[in-house]
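Lettering follows sequence order; numbering is per chain, from 1. Only heavy atoms go into these numbers, but all of them, side chains included; no hydrogens, no water, no symmetry mates.
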Protein chains: 2
Amino acid sequence: MSPPLIAVPLRADKIGISKPFLSVEGRQKLALIASLSHYDAGDILFHEGDRATSILNIVSGVGKSYSFLPDGREVIQAFLFPNDLIGPLDGDYFVNTVKAITPLVAYTLPLTALVQLLQSDPNLQWQFLTKACHELRLAQQHAIALSQNSAKQRLLMLLNLLRLHNEPRGANASQIHLPMSRADIADYTGLAVETVSRGLHQLQREGIIRLINQQCIEIIDQKVFTAALVSEA
Amino acid sequence: MSPPLIAVPLRADKIGISKPFLSVEGRQKLALIASLSHYDAGDILFHEGDRATSILNIVSGVGKSYSFLPDGREVIQAFLFPNDLIGPLDGDYFVNTVKAITPLVAYTLPLTALVQLLQSDPNLQWQFLTKACHELRLAQQHAIALSQNSAKQRLLMLLNLLRLHNEPRGANASQIHLPMSRADIADYTGLAVETVSRGLHQLQREGIIRLINQQCIEIIDQKVFTAALVSEA
DNA sequence: CGTGGAGTTGAACGATGTCAATCTTAGTGG
DNA sequence: CCACTAAGATTGACATCGTTCAACTCCACG
(Lines give C-alpha, C1' and ligand atoms only; values in the text may rest on other atoms or scores of the structure.)
Protein backbone atom coordinates (compact mmCIF):
# COMPACT_ATOMS: atom_id res chain seq x y z
CA MET A 1 0.00 0.00 0.00
CA SER A 2 1.44 3.31 -1.00
CA PRO A 3 1.53 5.76 1.86
CA PRO A 4 -0.78 8.51 0.73
CA LEU A 5 -0.79 12.05 1.87
CA ILE A 6 -0.33 12.21 5.54
CA ALA A 7 0.88 15.48 6.25
CA VAL A 8 -0.51 18.82 5.61
CA PRO A 9 0.27 22.14 7.10
CA LEU A 10 -1.34 21.32 10.40
CA ARG A 11 -1.59 24.24 12.69
CA ALA A 12 -2.26 23.75 16.32
CA ASP A 13 -4.27 26.72 17.29
CA LYS A 14 -5.21 29.37 14.90
CA ILE A 15 -8.72 30.48 15.48
CA GLY A 16 -9.75 31.26 18.99
CA ILE A 17 -9.62 28.23 21.23
CA SER A 18 -6.38 26.37 21.02
CA LYS A 19 -5.77 22.83 22.02
CA PRO A 20 -2.41 21.23 22.54
CA PHE A 21 -1.24 19.72 19.31
CA LEU A 22 -0.54 16.27 20.70
CA SER A 23 -0.91 14.47 23.95
CA VAL A 24 2.24 14.13 26.03
CA GLU A 25 2.16 10.47 25.25
CA GLY A 26 1.86 11.17 21.55
CA ARG A 27 4.78 13.53 21.64
CA GLN A 28 6.93 10.95 23.34
CA LYS A 29 6.19 8.34 20.71
CA LEU A 30 6.93 10.77 17.91
CA ALA A 31 10.12 11.86 19.60
CA LEU A 32 11.43 8.34 19.21
CA ILE A 33 11.46 8.61 15.45
CA ALA A 34 12.30 12.32 15.23
CA SER A 35 15.51 14.30 14.92
CA LEU A 36 16.12 18.01 15.25
CA SER A 37 17.13 20.27 12.34
CA HIS A 38 18.06 23.92 12.02
CA TYR A 39 17.43 26.18 9.05
CA ASP A 40 18.37 29.75 8.15
CA ALA A 41 15.91 32.35 6.98
CA GLY A 42 15.35 31.84 3.27
CA ASP A 43 16.25 28.16 3.30
CA ILE A 44 13.99 25.93 1.28
CA LEU A 45 12.80 22.99 3.31
CA PHE A 46 10.95 21.16 0.59
CA HIS A 47 10.55 21.60 -3.14
CA GLU A 48 7.27 21.22 -4.95
CA GLY A 49 7.41 17.94 -6.81
CA ASP A 50 10.13 16.43 -4.66
CA ARG A 51 9.65 12.95 -3.37
CA ALA A 52 8.83 13.14 0.30
CA THR A 53 10.80 11.06 2.73
CA SER A 54 9.87 12.97 5.82
CA ILE A 55 7.72 15.71 7.22
CA LEU A 56 8.60 18.38 9.74
CA ASN A 57 7.16 19.56 13.02
CA ILE A 58 8.12 23.17 13.64
CA VAL A 59 9.60 23.97 17.03
CA SER A 60 10.35 27.63 16.49
CA GLY A 61 10.40 30.11 13.63
CA VAL A 62 8.01 30.91 10.80
CA GLY A 63 7.75 29.46 7.32
CA LYS A 64 5.56 29.69 4.26
CA SER A 65 4.04 27.03 2.06
CA TYR A 66 3.51 28.20 -1.49
CA SER A 67 3.22 27.29 -5.13
CA PHE A 68 3.29 29.15 -8.40
CA LEU A 69 0.57 30.22 -10.76
CA PRO A 70 1.05 29.66 -14.47
CA ASP A 71 1.80 33.37 -14.86
CA GLY A 72 4.68 33.11 -12.44
CA ARG A 73 3.02 34.74 -9.48
CA GLU A 74 3.52 33.11 -6.13
CA VAL A 75 0.56 31.98 -4.05
CA ILE A 76 1.04 31.40 -0.35
CA GLN A 77 -1.24 28.64 0.88
CA ALA A 78 -0.36 29.02 4.50
CA PHE A 79 2.06 30.52 6.93
CA LEU A 80 3.61 27.92 9.20
CA PHE A 81 4.14 28.48 12.89
CA PRO A 82 5.54 26.52 15.83
CA ASN A 83 3.65 23.27 16.41
CA ASP A 84 2.61 23.10 12.80
CA LEU A 85 3.30 20.06 10.72
CA ILE A 86 4.91 20.77 7.39
CA GLY A 87 4.47 18.67 4.33
CA PRO A 88 1.40 18.78 2.13
CA LEU A 89 1.73 15.59 0.13
CA ASP A 90 0.04 14.06 -2.83
CA GLY A 91 0.99 10.44 -2.86
CA ASP A 92 4.67 10.59 -2.07
CA TYR A 93 5.29 14.01 -3.53
CA PHE A 94 5.17 17.51 -2.16
CA VAL A 95 2.61 19.74 -3.75
CA ASN A 96 4.01 22.95 -2.30
CA THR A 97 7.38 24.49 -1.81
CA VAL A 98 8.16 25.37 1.79
CA LYS A 99 10.60 28.10 2.73
CA ALA A 100 11.78 29.42 6.08
CA ILE A 101 10.88 33.07 6.59
CA THR A 102 12.82 33.37 9.83
CA PRO A 103 15.50 31.07 11.22
CA LEU A 104 13.66 27.87 11.94
CA VAL A 105 14.04 24.81 14.13
CA ALA A 106 12.03 21.69 13.43
CA TYR A 107 11.76 18.00 14.16
CA THR A 108 12.19 15.71 11.20
CA LEU A 109 9.73 12.81 11.10
CA PRO A 110 10.69 10.06 8.63
CA LEU A 111 7.62 9.25 6.62
CA THR A 112 7.72 5.47 6.64
CA ALA A 113 8.28 5.31 10.37
CA LEU A 114 5.48 7.78 10.93
CA VAL A 115 3.05 5.86 8.77
CA GLN A 116 3.83 2.65 10.61
CA LEU A 117 3.45 4.37 13.93
CA LEU A 118 0.06 5.82 13.01
CA GLN A 119 -1.20 2.54 11.58
CA SER A 120 -0.34 0.76 14.79
CA ASP A 121 -1.61 3.44 17.14
CA PRO A 122 -5.25 4.43 16.55
CA ASN A 123 -5.16 6.98 19.31
CA LEU A 124 -2.23 8.86 17.89
CA GLN A 125 -3.67 8.62 14.42
CA TRP A 126 -6.91 9.99 15.79
CA GLN A 127 -5.08 13.11 16.89
CA PHE A 128 -3.73 13.54 13.39
CA LEU A 129 -7.18 13.06 11.91
CA THR A 130 -8.61 15.62 14.27
CA LYS A 131 -5.84 17.99 13.35
CA ALA A 132 -6.34 17.48 9.64
CA CYS A 133 -10.02 18.26 9.96
CA HIS A 134 -9.25 21.35 11.95
CA GLU A 135 -6.78 22.37 9.32
CA LEU A 136 -9.38 21.86 6.67
CA ARG A 137 -11.68 24.30 8.36
CA LEU A 138 -8.91 26.86 8.48
CA ALA A 139 -8.28 26.43 4.79
CA GLN A 140 -11.96 26.99 4.16
CA GLN A 141 -11.91 30.13 6.24
CA HIS A 142 -8.93 31.31 4.25
CA ALA A 143 -10.90 30.65 1.10
CA ILE A 144 -13.78 32.71 2.42
CA ALA A 145 -11.45 35.52 3.34
CA LEU A 146 -10.10 35.53 -0.20
CA SER A 147 -13.53 35.49 -1.77
CA GLN A 148 -14.49 38.64 0.07
CA ASN A 149 -13.39 41.48 -2.09
CA SER A 150 -12.51 44.00 0.55
CA ALA A 151 -8.75 44.44 0.80
CA LYS A 152 -9.17 45.87 4.28
CA GLN A 153 -10.99 42.76 5.42
CA ARG A 154 -8.29 40.48 4.12
CA LEU A 155 -5.60 42.43 5.89
CA LEU A 156 -7.55 42.40 9.13
CA MET A 157 -7.82 38.64 8.96
CA LEU A 158 -4.11 38.29 8.41
CA LEU A 159 -3.37 40.57 11.33
CA ASN A 160 -5.71 38.55 13.49
CA LEU A 161 -3.96 35.38 12.45
CA LEU A 162 -0.62 36.83 13.48
CA ARG A 163 -2.11 38.25 16.66
CA LEU A 164 -3.21 34.82 17.80
CA HIS A 165 0.25 33.47 17.15
CA ASN A 166 1.99 36.28 18.95
CA GLU A 167 0.10 36.24 22.21
CA PRO A 168 1.58 33.01 23.47
CA ARG A 169 4.99 34.56 23.09
CA GLY A 170 4.25 36.75 26.05
CA ALA A 171 4.94 39.97 24.22
CA ASN A 172 2.62 42.89 24.68
CA ALA A 173 -0.65 41.47 23.44
CA SER A 174 -1.45 44.59 21.45
CA GLN A 175 1.80 44.41 19.50
CA ILE A 176 1.83 42.29 16.38
CA HIS A 177 5.07 41.16 14.85
CA LEU A 178 5.11 40.63 11.09
CA PRO A 179 7.92 38.26 10.27
CA MET A 180 7.16 38.25 6.55
CA SER A 181 7.63 40.83 3.82
CA ARG A 182 4.89 42.92 2.23
CA ALA A 183 5.26 40.77 -0.87
CA ASP A 184 4.51 37.67 1.20
CA ILE A 185 1.44 39.34 2.64
CA ALA A 186 0.35 40.23 -0.87
CA ASP A 187 0.80 36.66 -2.07
CA TYR A 188 -1.13 35.35 0.91
CA THR A 189 -4.03 37.76 0.64
CA GLY A 190 -4.19 37.71 -3.13
CA LEU A 191 -3.59 41.47 -3.34
CA ALA A 192 -0.93 43.63 -4.96
CA VAL A 193 1.89 44.88 -2.74
CA GLU A 194 0.75 48.44 -3.29
CA THR A 195 -2.70 47.57 -2.09
CA VAL A 196 -1.28 45.96 1.01
CA SER A 197 0.68 49.09 1.79
CA ARG A 198 -2.26 51.36 1.14
CA GLY A 199 -4.56 49.16 3.15
CA LEU A 200 -2.36 49.13 6.22
CA HIS A 201 -1.98 52.90 6.14
CA GLN A 202 -5.72 53.20 5.65
CA LEU A 203 -6.29 51.14 8.79
CA GLN A 204 -3.88 53.43 10.57
CA ARG A 205 -5.74 56.52 9.38
CA GLU A 206 -8.94 55.01 10.72
CA GLY A 207 -7.33 54.61 14.11
CA ILE A 208 -7.55 50.85 14.18
CA ILE A 209 -3.83 50.12 14.14
CA ARG A 210 -0.54 51.96 14.43
CA LEU A 211 2.47 51.16 12.26
CA ILE A 212 5.40 51.13 14.65
CA ASN A 213 7.86 49.95 12.04
CA GLN A 214 7.86 47.69 9.05
CA GLN A 215 7.89 44.57 11.18
CA CYS A 216 5.70 45.69 14.02
CA ILE A 217 2.11 46.89 14.31
CA GLU A 218 0.15 47.93 17.35
CA ILE A 219 -3.56 47.40 17.79
CA ILE A 220 -4.99 50.61 19.21
CA ASP A 221 -8.14 49.10 20.65
CA GLN A 222 -8.88 45.40 20.75
CA LYS A 223 -12.62 45.99 20.65
CA VAL A 224 -12.48 48.25 17.63
CA PHE A 225 -10.17 45.80 15.95
CA THR A 226 -12.38 42.77 16.45
CA ALA A 227 -15.46 44.78 15.55
CA ALA A 228 -13.84 45.76 12.26
CA LEU A 229 -12.74 42.19 11.72
CA VAL A 230 -16.25 40.86 11.98
CA SER A 231 -18.41 43.49 10.41
CA GLU A 232 -16.31 45.35 7.90
CA ALA A 233 -17.98 45.52 4.52
CA MET B 1 -13.04 12.19 25.46
CA SER B 2 -15.20 14.42 23.35
CA PRO B 3 -15.43 13.25 19.79
CA PRO B 4 -13.86 16.08 17.84
CA LEU B 5 -14.44 16.90 14.25
CA ILE B 6 -14.54 13.79 12.25
CA ALA B 7 -16.29 14.58 9.25
CA VAL B 8 -15.69 17.07 6.64
CA PRO B 9 -16.98 17.33 3.16
CA LEU B 10 -14.86 14.48 1.91
CA ARG B 11 -14.95 14.05 -1.78
CA ALA B 12 -13.73 10.93 -3.39
CA ASP B 13 -12.29 12.04 -6.61
CA LYS B 14 -12.23 15.57 -7.71
CA ILE B 15 -8.98 16.44 -9.31
CA GLY B 16 -7.69 14.17 -11.99
CA ILE B 17 -6.90 10.71 -10.68
CA SER B 18 -9.68 9.27 -8.62
CA LYS B 19 -9.43 6.49 -6.15
CA PRO B 20 -12.28 4.56 -4.67
CA PHE B 21 -13.45 6.25 -1.52
CA LEU B 22 -13.26 3.21 0.72
CA SER B 23 -12.10 -0.35 0.44
CA VAL B 24 -14.81 -2.97 0.00
CA GLU B 25 -14.02 -4.11 3.49
CA GLY B 26 -14.38 -0.60 4.84
CA ARG B 27 -17.72 -0.15 3.14
CA GLN B 28 -19.02 -3.34 4.65
CA LYS B 29 -18.07 -2.28 8.14
CA LEU B 30 -19.66 1.11 7.68
CA ALA B 31 -22.78 -0.48 6.25
CA LEU B 32 -23.34 -2.20 9.56
CA ILE B 33 -23.91 1.10 11.31
CA ALA B 34 -25.53 2.95 8.41
CA SER B 35 -29.10 3.50 7.28
CA LEU B 36 -30.45 4.94 4.06
CA SER B 37 -32.25 8.30 3.82
CA HIS B 38 -33.97 10.19 1.03
CA TYR B 39 -34.21 13.96 0.62
CA ASP B 40 -35.97 16.30 -1.78
CA ALA B 41 -34.28 19.11 -3.63
CA GLY B 42 -34.10 22.08 -1.28
CA ASP B 43 -34.20 20.02 1.89
CA ILE B 44 -31.79 21.10 4.58
CA LEU B 45 -29.78 18.17 5.84
CA PHE B 46 -27.93 19.93 8.62
CA HIS B 47 -28.11 23.36 10.19
CA GLU B 48 -25.08 25.39 11.12
CA GLY B 49 -24.75 25.29 14.88
CA ASP B 50 -26.80 22.14 15.31
CA ARG B 51 -25.44 19.41 17.49
CA ALA B 52 -24.24 16.61 15.28
CA THR B 53 -25.41 13.10 15.96
CA SER B 54 -24.53 11.68 12.61
CA ILE B 55 -22.85 12.35 9.31
CA LEU B 56 -23.93 11.39 5.83
CA ASN B 57 -22.37 9.55 2.94
CA ILE B 58 -23.96 10.62 -0.33
CA VAL B 59 -25.13 7.87 -2.63
CA SER B 60 -26.69 10.00 -5.34
CA GLY B 61 -27.61 13.63 -5.89
CA VAL B 62 -25.82 16.91 -5.34
CA GLY B 63 -25.71 19.16 -2.29
CA LYS B 64 -24.02 22.30 -1.09
CA SER B 65 -22.27 23.14 2.14
CA TYR B 66 -22.45 26.83 3.00
CA SER B 67 -22.43 29.47 5.66
CA PHE B 68 -23.32 33.14 5.87
CA LEU B 69 -21.19 36.23 5.92
CA PRO B 70 -21.97 38.96 8.43
CA ASP B 71 -23.58 40.98 5.64
CA GLY B 72 -26.00 38.16 4.91
CA ARG B 73 -24.41 36.87 1.74
CA GLU B 74 -24.10 33.15 1.37
CA VAL B 75 -20.74 31.50 0.86
CA ILE B 76 -20.60 28.01 -0.57
CA GLN B 77 -17.65 26.12 0.85
CA ALA B 78 -18.12 23.08 -1.31
CA PHE B 79 -20.47 21.25 -3.59
CA LEU B 80 -21.15 17.72 -2.46
CA PHE B 81 -21.31 14.79 -4.84
CA PRO B 82 -21.90 11.05 -4.59
CA ASN B 83 -19.32 9.33 -2.37
CA ASP B 84 -18.73 12.50 -0.42
CA LEU B 85 -19.03 12.56 3.32
CA ILE B 86 -21.18 15.35 4.64
CA GLY B 87 -20.68 16.99 7.98
CA PRO B 88 -17.97 19.50 8.73
CA LEU B 89 -17.88 19.54 12.50
CA ASP B 90 -16.28 21.59 15.18
CA GLY B 91 -16.46 19.62 18.34
CA ASP B 92 -19.96 18.24 18.21
CA TYR B 93 -21.46 21.04 16.18
CA PHE B 94 -21.91 21.65 12.51
CA VAL B 95 -20.09 24.66 11.18
CA ASN B 96 -21.93 24.74 7.87
CA THR B 97 -25.47 24.37 6.69
CA VAL B 98 -25.96 21.62 4.13
CA LYS B 99 -28.76 21.68 1.61
CA ALA B 100 -29.78 19.29 -1.15
CA ILE B 101 -29.60 20.89 -4.59
CA THR B 102 -31.13 17.91 -6.36
CA PRO B 103 -33.08 15.00 -4.86
CA LEU B 104 -30.53 13.21 -2.76
CA VAL B 105 -29.97 9.76 -1.30
CA ALA B 106 -27.47 9.21 1.48
CA TYR B 107 -26.35 6.81 4.15
CA THR B 108 -26.65 8.06 7.70
CA LEU B 109 -23.69 7.21 9.91
CA PRO B 110 -24.34 7.70 13.64
CA LEU B 111 -21.44 9.65 15.04
CA THR B 112 -20.70 7.73 18.22
CA ALA B 113 -20.74 4.41 16.44
CA LEU B 114 -18.50 5.80 13.73
CA VAL B 115 -16.00 7.18 16.21
CA GLN B 116 -15.80 3.87 18.01
CA LEU B 117 -15.39 2.04 14.76
CA LEU B 118 -12.56 4.29 13.63
CA GLN B 119 -10.80 4.14 16.98
CA SER B 120 -10.82 0.38 16.88
CA ASP B 121 -9.90 0.02 13.23
CA PRO B 122 -6.67 1.82 12.29
CA ASN B 123 -6.97 0.75 8.69
CA LEU B 124 -10.38 2.24 8.22
CA GLN B 125 -9.37 5.34 10.10
CA TRP B 126 -6.38 5.60 7.82
CA GLN B 127 -8.70 5.83 4.84
CA PHE B 128 -10.53 8.67 6.52
CA LEU B 129 -7.28 10.44 7.29
CA THR B 130 -6.15 10.07 3.72
CA LYS B 131 -9.47 11.42 2.56
CA ALA B 132 -9.33 14.38 4.92
CA CYS B 133 -5.89 15.30 3.66
CA HIS B 134 -7.06 15.04 0.10
CA GLU B 135 -10.00 17.21 0.96
CA LEU B 136 -7.69 19.74 2.50
CA ARG B 137 -5.77 20.03 -0.73
CA LEU B 138 -8.99 20.63 -2.61
CA ALA B 139 -9.96 23.38 -0.19
CA GLN B 140 -6.58 24.98 -0.77
CA GLN B 141 -7.05 24.80 -4.50
CA HIS B 142 -10.42 26.42 -4.08
CA ALA B 143 -8.77 29.15 -2.07
CA ILE B 144 -6.25 29.72 -4.86
CA ALA B 145 -9.01 29.85 -7.40
CA LEU B 146 -10.73 32.53 -5.36
CA SER B 147 -7.58 34.56 -4.90
CA GLN B 148 -7.05 34.76 -8.62
CA ASN B 149 -8.90 37.77 -9.77
CA SER B 150 -10.02 36.61 -13.16
CA ALA B 151 -13.71 35.79 -13.20
CA LYS B 152 -13.19 33.69 -16.31
CA GLN B 153 -10.61 31.58 -14.54
CA ARG B 154 -12.90 30.90 -11.62
CA LEU B 155 -15.69 29.80 -13.90
CA LEU B 156 -13.38 27.52 -15.83
CA MET B 157 -12.34 25.83 -12.62
CA LEU B 158 -15.93 25.28 -11.61
CA LEU B 159 -16.76 23.82 -15.00
CA ASN B 160 -13.79 21.52 -14.72
CA LEU B 161 -14.96 20.41 -11.30
CA LEU B 162 -18.35 19.54 -12.72
CA ARG B 163 -16.81 17.92 -15.76
CA LEU B 164 -14.89 15.50 -13.61
CA HIS B 165 -18.04 14.59 -11.75
CA ASN B 166 -20.09 14.12 -14.88
CA GLU B 167 -17.84 11.78 -16.78
CA PRO B 168 -18.45 8.79 -14.57
CA ARG B 169 -22.12 9.14 -15.33
CA GLY B 170 -21.43 7.94 -18.82
CA ALA B 171 -23.03 10.91 -20.50
CA ASN B 172 -21.34 12.53 -23.44
CA ALA B 173 -18.03 13.57 -21.94
CA SER B 174 -18.17 16.98 -23.57
CA GLN B 175 -21.54 17.79 -22.00
CA ILE B 176 -21.52 19.31 -18.56
CA HIS B 177 -24.62 19.31 -16.42
CA LEU B 178 -25.01 22.19 -13.96
CA PRO B 179 -27.35 21.05 -11.24
CA MET B 180 -27.08 24.32 -9.31
CA SER B 181 -28.44 27.79 -9.97
CA ARG B 182 -26.42 30.79 -11.17
CA ALA B 183 -26.75 32.20 -7.68
CA ASP B 184 -25.09 29.09 -6.27
CA ILE B 185 -22.29 29.39 -8.78
CA ALA B 186 -21.87 33.01 -7.79
CA ASP B 187 -21.71 32.13 -4.10
CA TYR B 188 -19.17 29.41 -4.80
CA THR B 189 -16.89 31.48 -7.00
CA GLY B 190 -17.23 34.66 -4.97
CA LEU B 191 -18.63 36.56 -7.95
CA ALA B 192 -21.89 38.41 -8.59
CA VAL B 193 -24.59 36.55 -10.49
CA GLU B 194 -24.34 39.07 -13.29
CA THR B 195 -20.63 38.41 -13.60
CA VAL B 196 -21.27 34.68 -13.76
CA SER B 197 -23.73 35.18 -16.58
CA ARG B 198 -21.45 37.54 -18.45
CA GLY B 199 -18.48 35.25 -17.93
CA LEU B 200 -20.21 32.19 -19.32
CA HIS B 201 -21.39 34.07 -22.37
CA GLN B 202 -17.90 35.47 -22.79
CA LEU B 203 -16.51 31.93 -22.82
CA GLN B 204 -19.10 31.06 -25.42
CA ARG B 205 -18.12 34.03 -27.55
CA GLU B 206 -14.51 32.87 -27.36
CA GLY B 207 -15.56 29.48 -28.68
CA ILE B 208 -14.52 27.57 -25.59
CA ILE B 209 -17.97 26.40 -24.55
CA ARG B 210 -21.52 26.36 -25.86
CA LEU B 211 -24.54 27.11 -23.71
CA ILE B 212 -27.08 24.45 -24.62
CA ASN B 213 -29.53 25.51 -21.97
CA GLN B 214 -29.41 26.85 -18.44
CA GLN B 215 -28.51 23.49 -17.00
CA CYS B 216 -26.28 22.17 -19.71
CA ILE B 217 -23.02 23.31 -21.26
CA GLU B 218 -20.94 21.74 -23.98
CA ILE B 219 -17.19 21.93 -24.19
CA ILE B 220 -16.32 22.66 -27.81
CA ASP B 221 -12.76 21.39 -27.69
CA GLN B 222 -11.25 19.60 -24.72
CA LYS B 223 -7.77 20.82 -25.59
CA VAL B 224 -8.77 24.44 -25.85
CA PHE B 225 -10.70 24.11 -22.63
CA THR B 226 -7.86 22.66 -20.60
CA ALA B 227 -5.43 25.10 -22.16
CA ALA B 228 -7.62 27.98 -21.05
CA LEU B 229 -7.98 26.38 -17.65
CA VAL B 230 -4.26 26.29 -17.10
CA SER B 231 -2.94 29.39 -18.72
CA GLU B 232 -5.72 31.95 -18.70
CA ALA B 233 -4.55 35.23 -17.29
C1' DC C 1 28.83 58.05 1.80
C1' DG C 2 26.79 55.33 -2.12
C1' DT C 3 23.89 51.37 -3.54
C1' DG C 4 20.08 48.28 -3.88
C1' DG C 5 16.06 46.27 -2.24
C1' DA C 6 11.88 46.98 0.13
C1' DG C 7 8.23 50.01 1.00
C1' DT C 8 5.34 53.97 -0.08
C1' DT C 9 2.78 57.24 -2.91
C1' DG C 10 0.39 59.07 -7.10
C1' DA C 11 -2.38 58.80 -11.41
C1' DA C 12 -4.84 56.27 -14.88
C1' DC C 13 -6.88 52.21 -16.42
C1' DG C 14 -9.72 48.18 -16.20
C1' DA C 15 -12.43 44.62 -14.19
C1' DT C 16 -16.15 43.60 -11.33
C1' DG C 17 -19.98 45.04 -8.31
C1' DT C 18 -24.37 47.46 -8.23
C1' DC C 19 -28.77 48.97 -9.78
C1' DA C 20 -32.41 48.69 -12.90
C1' DA C 21 -34.80 46.93 -16.83
C1' DT C 22 -35.81 43.10 -19.80
C1' DC C 23 -36.12 38.43 -21.18
C1' DT C 24 -36.60 33.40 -20.43
C1' DT C 25 -38.12 29.47 -18.18
C1' DA C 26 -40.78 26.47 -15.48
C1' DG C 27 -44.72 25.71 -13.00
C1' DT C 28 -49.79 26.67 -12.16
C1' DG C 29 -54.39 26.92 -12.90
C1' DG C 30 -58.06 27.76 -15.91
C1' DC D 1 -53.74 23.03 -24.21
C1' DC D 2 -52.84 27.62 -23.40
C1' DA D 3 -52.24 31.85 -20.75
C1' DC D 4 -50.44 33.68 -16.63
C1' DT D 5 -47.13 34.33 -13.08
C1' DA D 6 -43.05 34.35 -10.43
C1' DA D 7 -38.46 33.16 -10.08
C1' DG D 8 -34.30 32.82 -12.45
C1' DA D 9 -31.26 34.56 -16.01
C1' DT D 10 -29.55 38.07 -19.01
C1' DT D 11 -28.26 42.70 -20.54
C1' DG D 12 -26.96 47.61 -20.15
C1' DA D 13 -25.20 51.78 -17.72
C1' DC D 14 -22.61 53.38 -14.20
C1' DA D 15 -19.74 53.56 -9.90
C1' DT D 16 -16.19 51.58 -7.27
C1' DC D 17 -12.21 49.32 -5.94
C1' DG D 18 -7.94 47.24 -6.91
C1' DT D 19 -4.29 46.71 -10.32
C1' DT D 20 -0.70 48.57 -13.02
C1' DC D 21 3.03 51.52 -14.10
C1' DA D 22 6.07 54.86 -12.57
C1' DA D 23 8.46 57.78 -9.48
C1' DC D 24 10.03 58.43 -5.08
C1' DT D 25 11.55 57.50 -0.13
C1' DC D 26 13.53 54.88 3.43
C1' DC D 27 16.68 51.85 5.45
C1' DA D 28 20.30 48.32 5.80
C1' DC D 29 24.49 47.08 4.19
C1' DG D 30 28.75 47.55 1.92
Side-chain angles (χ1 to χ4, degrees), chain A residues 41-42 64 69 71-76 99 101-102 145-159 177-206 209-217 232-233, chain B residues 40-42 64 69 71-76 99 101-103 145-159 177-206 209-217 232-233:
Chain A
K64 61 175 177 178
L69 295 177
D71 63 6
R73 275 188 309 171
E74 194 176 305
V75 187
I76 296 183
K99 184 184 279 192
I101 290 179
T102 67
L146 291 176
S147 75
Q148 295 177 273
N149 279 333
S150 161
K152 202 195 297 179
Q153 188 74 0
R154 300 189 195 184
L155 289 172
L156 284 170
M157 292 201 61
L158 173 67
L159 291 177
H177 179 67
L178 292 79
M180 69 289 293
S181 69
R182 296 288 192 264
D184 283 339
I185 296 176
D187 292 336
Y188 181 76
T189 54
L191 300 169
V193 248
E194 295 92 331
T195 309
V196 171
S197 179
R198 277 188 259 266
L200 290 176
H201 285 259
Q202 168 90 23
L203 288 173
Q204 178 169 233
R205 243 173 284 125
E206 294 175 10
I209 62 173
R210 193 165 66 86
L211 303 172
I212 297 176
N213 64 48
Q214 290 184 350
Q215 299 261 296
C216 193
I217 285 179
E232 196 65 51
Chain B
D40 291 332
K64 61 176 177 178
L69 294 177
D71 65 5
R73 276 187 310 171
E74 194 176 305
V75 187
I76 296 183
K99 184 183 280 191
I101 290 179
T102 67
L146 291 176
S147 75
Q148 295 177 269
N149 280 333
S150 161
K152 202 194 300 178
Q153 189 72 0
R154 300 188 196 185
L155 290 172
L156 284 170
M157 292 200 61
L158 173 67
L159 290 178
H177 179 67
L178 291 79
M180 69 289 294
S181 70
R182 296 291 192 261
D184 283 338
I185 295 177
D187 292 336
Y188 181 77
T189 55
L191 301 169
V193 241
E194 294 92 334
T195 309
V196 171
S197 180
R198 277 188 257 267
L200 290 176
H201 285 259
Q202 167 90 24
L203 288 173
Q204 179 170 232
R205 243 172 286 124
E206 294 176 10
I209 62 173
R210 193 165 67 86
L211 303 171
I212 297 175
N213 64 48
Q214 289 184 351
Q215 300 260 297
C216 193
I217 285 179
E232 196 64 50

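Taking the nucleotide of DNA chain D with the nearest heavy atom to each of Leu211(B) and Gly190(A), the more 5' of the two is matched to Leu211(B).
Residue Ile185(A) holds its CD1 atom at 6.0 Å from CG of Leu200(A), rounded to the nearest 0.5 Å. Ser150(A) contributes atom OG, which lies 10.5 Å from atom CG of Asp71(B) (distance to the nearest 0.5 angstrom). Taken to the nearest 0.5 Å, the CG atom of Leu155(B) stands 11.5 Å off from the OH atom of Tyr188(B). The distance from atom CD1 of Ile209(A) to atom CD of Gln202(A), rounded to the nearest 0.5 Å, is 10.5 Å. Between Thr195(A) atom OG1 and Arg154(A) atom CZ the span is 9.5 Å, to the nearest 0.5 Å. In this structure, CG in Leu203(B) is found 8.5 Å from CG in Leu211(B), a value given to the nearest 0.5 Å.
Atom CG in Leu146(A) sits about 15 Å away from atom C1' in dG18(D), given to the nearest Å. The CG-C1' distance, from Leu200(B) to dG8(D), rounds to 14 Å in whole Å. Across the protein-nucleic acid pair, Ile185(B) atom CD1 and dA9(D) atom P stand 8 Å apart, rounded to whole Å. For the pair Ile101(B) CD1 and dG8(D) C1', the interatomic distance rounds to 15 Å; values are reported in whole Å. Distance, Met180(B) CE to dG8(D) P: 15 Å, rounded to whole Å. Arg154(A) has its CZ atom 12 Å from the C1' atom of dT19(D), to the nearest Å. Taking atom CG of Leu69(A) as the reference point, atom P of dT19(D) lies 14 Å away to the nearest angstrom. Rounded to whole angstrom, the span from the CD atom of Gln204(B) across to the C1' atom of dT10(D) amounts to 12 Å.
In terms of heavy-atom proximity, Ala186(B) sits nearest to Ala192(B) at CB-C, 3.9 Å. Arg205(B) approaches Arg198(B) most closely through the heavy-atom pair NH2-O, 4.4 Å. Closest heavy-atom contact between Lys152(A) and Glu206(A): NZ-OE2, 3.0 Å. Residues Ala145(B) and Met157(B) approach most closely at CB-SD, 3.3 Å, considering heavy atoms.
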Item to complete: Take Arg73(B) and Asp187(B), measure what side-chain contact (heavy atoms from CB on, under 4.5 Å) needs, and give me the verdict at the end.
Response: CA-CA 8 Å; Arg73(B) 276 187 310 171; Asp187(B) 292 336; 5.7 Å; no

Discussion item. Between Ile212(A) and Arg210(A), is the side-chain contact (heavy atoms from CB on, under 4.5 Å) condition met? List the steps.
Written reply: CA-CA 6 Å; Ile212(A) 297 176; Arg210(A) 193 165 66 86; 4.0 Å; yes

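Contacts of residues 191-198 of chain B with DNA chain C (heavy atom under 4.0 Å): Leu191(B), Ala192(B), Glu194(B), Thr195(B), Arg198(B).
Remark: Ala41(B) pairs with Pro103(B) by the side-chain contact (heavy atoms from CB on, under 4.5 Å) rule, at least two apart or across chains. Evaluation of the salt bridge (charged side-chain N to carboxylate O under 4.0 Å, His left out) rule for Lys64(B) yields Glu74(B), Asp184(B) as partners, not counting sequence neighbours.
Contact footprint of chain A on DNA chain C: nucleotides with an atom under 4.0 Å from a non-hydrogen protein atom, first to last in 5' to 3' order, dG7(C) to dG17(C).
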Show the distances under 3.5 angstrom between N or O atoms of the protein and N or O atoms of nucleotides 24-30 of chain D.
none

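Using a 4.0 Å heavy-atom criterion, one finds that Gly199(A) contacts no nucleic acid atom at all.
Taken over five-pair windows at either terminus, the axes of the helix from dC1(C)-dG30(D) to dG30(C)-dC1(D) are inclined to one another by 30° (rounded to 10 degrees).
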